[in-house]
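Worksheet: one structure, shown below.
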Amino acid sequence: MVEEKDYYMRVVHELVRTLIRLVFRKEIDKDEEKTVPLEVLEQYKKLTAMIDDGQINEAENLLLDGMEVDSRAYFELTLLFYEKLNAKTDEFLEEHDYSREEVLDGIKYVVDFYGYGSLMDAFVDENALK
């Protein structure tokens with residue numbers, strides 16, 4: 001079971017890393033705050049503080065409510081938000097009524113919203129993750 005969760009975490013990380021590399025031409029494995037666009041940096045800090053405080057669902061609601069189709073910076077913010085969630089332990093997520101599956105579902109939703117769903121489908125076989 002541990003290996004399965006580790007695999008799931010790696011797939012999500014690689015998916016986010018690849019999307020950010022292809023769409024924004026940035027590397028997230030360096031300094032994460034330098035990756036966040038300045039116009040959404042304060043929002044990112046607020047949302048990640050909420051995650052750290054265990055307010056995951058509330059943070060996700062704020063994130064999704066703020067999405068705008070034409071905002072590339074906000075798209076990047078959403079990917080980094082889910083990457084931050086993905087880095088949390090299973091115990092932390094479960095303790096705060098969240099799951100690894102919800103992380104992937106959230107990424108899929110925002111990637112589809114911003115028009116990159118086919119790119120995600122090319123990288124992730126969701127059936128392999130179930």
Side-chain angles (χ1 to χ4, degrees):
M1 185 71 165
V2 171
E3 285 182 26
E4 180 181 318
K5 293 296 183 182
D6 289 344
Y7 172 74
Y8 205 93
M9 287 176 70
R10 283 192 312 271
V11 167
V12 169
H13 173 73
E14 287 303 316
L15 171 64
V16 171
R17 188 174 71 83
T18 300
L19 284 167
I20 289 177
R21 179 184 288 159
L22 291 173
V23 175
F24 303 101
R25 299 174 193 228
K26 294 182 180 178
E27 292 291 334
I28 64 168
D29 290 333
K30 305 212 179 199
D31 182 6
E32 104 183 7
E33 283 208 4
K34 287 184 180 175
T35 304
V36 179
L38 290 176
E39 59 264 37
V40 293
L41 183 58
E42 288 306 313
Q43 182 74 4
Y44 176 78
K45 288 179 180 180
K46 176 182 179 181
L47 293 171
T48 57
M50 290 177 74
I51 290 171
D52 291 340
D53 289 342
Q55 299 173 349
I56 298 172
N57 289 301
E58 297 87 344
E60 185 178 44
N61 290 341
L62 281 174
L63 176 82
L64 298 177
D65 287 346
M67 291 190 338
E68 297 174 14
V69 176
D70 296 331
S71 177
R72 287 176 48 88
Y74 206 86
F75 177 40
E76 191 171 354
L77 166 72
T78 63
L79 294 173
L80 293 169
F81 173 88
Y82 286 108
E83 172 64 13
K84 175 80 171 180
L85 271 180
N86 187 55
K88 295 295 184 186
T89 65
D90 293 335
E91 294 77 22
F92 181 87
L93 294 175
E94 289 170 15
E95 185 179 313
H96 300 290
D97 298 318
Y98 212 81
S99 68
R100 295 260 166 241
E101 293 77 18
E102 287 177 288
V103 173
L104 186 60
D105 288 345
I107 292 170
K108 182 167 178 31
Y109 176 78
V110 299
V111 168
D112 285 341
F113 180 87
Y114 284 102
Y116 291 95
S118 59
L119 185 58
M120 180 173 167
D121 292 342
F123 287 99
V124 177
D125 177 6
E126 288 187 54
N127 294 322
L129 297 173
K130 295 184 179 181

Donor-acceptor pairs are to be reported for all side-chain atoms of residues 56-63 against protein atoms at under 3.5 Å, with residues two or more places apart or in another chain.
from	atom 1	to	atom 2	distance (Å)
Asn57	ND2	Asp97	O	3.4
Glu60	OE1	Tyr98	OH	3.2
Glu60	OE2	Tyr82	OH	2.6
Glu60	OE2	Tyr98	OH	2.7
Asn61	ND2	Asn57	O	3.3

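Nearest heavy-atom pair across Ile51 and Lys88 is CG2-CE, 3.7 Å. Shown here for Asn86 and Met9, the closest heavy-atom pair between the two residues is ND2-O, 3.0 Å. Of all the heavy atoms in Tyr114 and Glu68, the pair that sits closest is CE2-O, 3.0 Å.
Considering only heavy atoms from C-beta on, Phe81 stays 4.5 Å or farther from Val110 through its side chain. Residues Gln55 and His96 have side chains not in contact (no heavy-atom distance under 4.5 Å, counting atoms from C-beta outward). In this structure, the side chains of Val16 and Leu19 stay at 4.5 Å or more apart for every pair of heavy atoms.
Every residue meeting the salt bridge (charged side-chain N to carboxylate O under 4.0 Å, His left out) condition with Asp112, not counting sequence neighbours, appears here in chain and number order: Lys108. With sequence neighbours left out, Phe24 forms a ring pair (Phe, Tyr, Trp, His ring centres under 6.0 Å) with Phe75. With sequence neighbours excluded, the residues forming a side-chain hydrogen bond (donor to acceptor under 3.5 Å, both in side chains) with Glu102 are Ser99, listed by chain and number. Among residues two or more places apart in sequence or in another chain, the side-chain contact (heavy atoms from CB on, under 4.5 Å) test is passed with Glu95 by none.
From Leu79, atom CG reaches atom OG1 of Thr18 across 11.0 Å, with rounding to the nearest 0.5 Å. To the nearest 0.5 angstrom, Leu64 atom CG is 6.5 Å from Tyr109 atom OH. Annotation: the span from Arg17 atom CZ to Arg21 atom CZ amounts to 4.0 Å, rounded to 0.5 Å. Here CG of Leu85 is found 8.5 Å from CZ of Phe92. Values are rounded to the nearest 0.5 Å. One finds the CD1 atom of Ile20 at 9.5 Å from the CG atom of Leu15 (value rounded to the nearest 0.5 Å). Note: Leu77 CG to Lys84 NZ = 12.5 Å, rounded to the nearest 0.5 Å.
Residue pairs satisfying the side chain to side chain donor-acceptor pair (under 3.5 Å) criterion with at least one member in residues 70-80, sequence neighbours excluded, are listed as follows: Lys26-Glu76.
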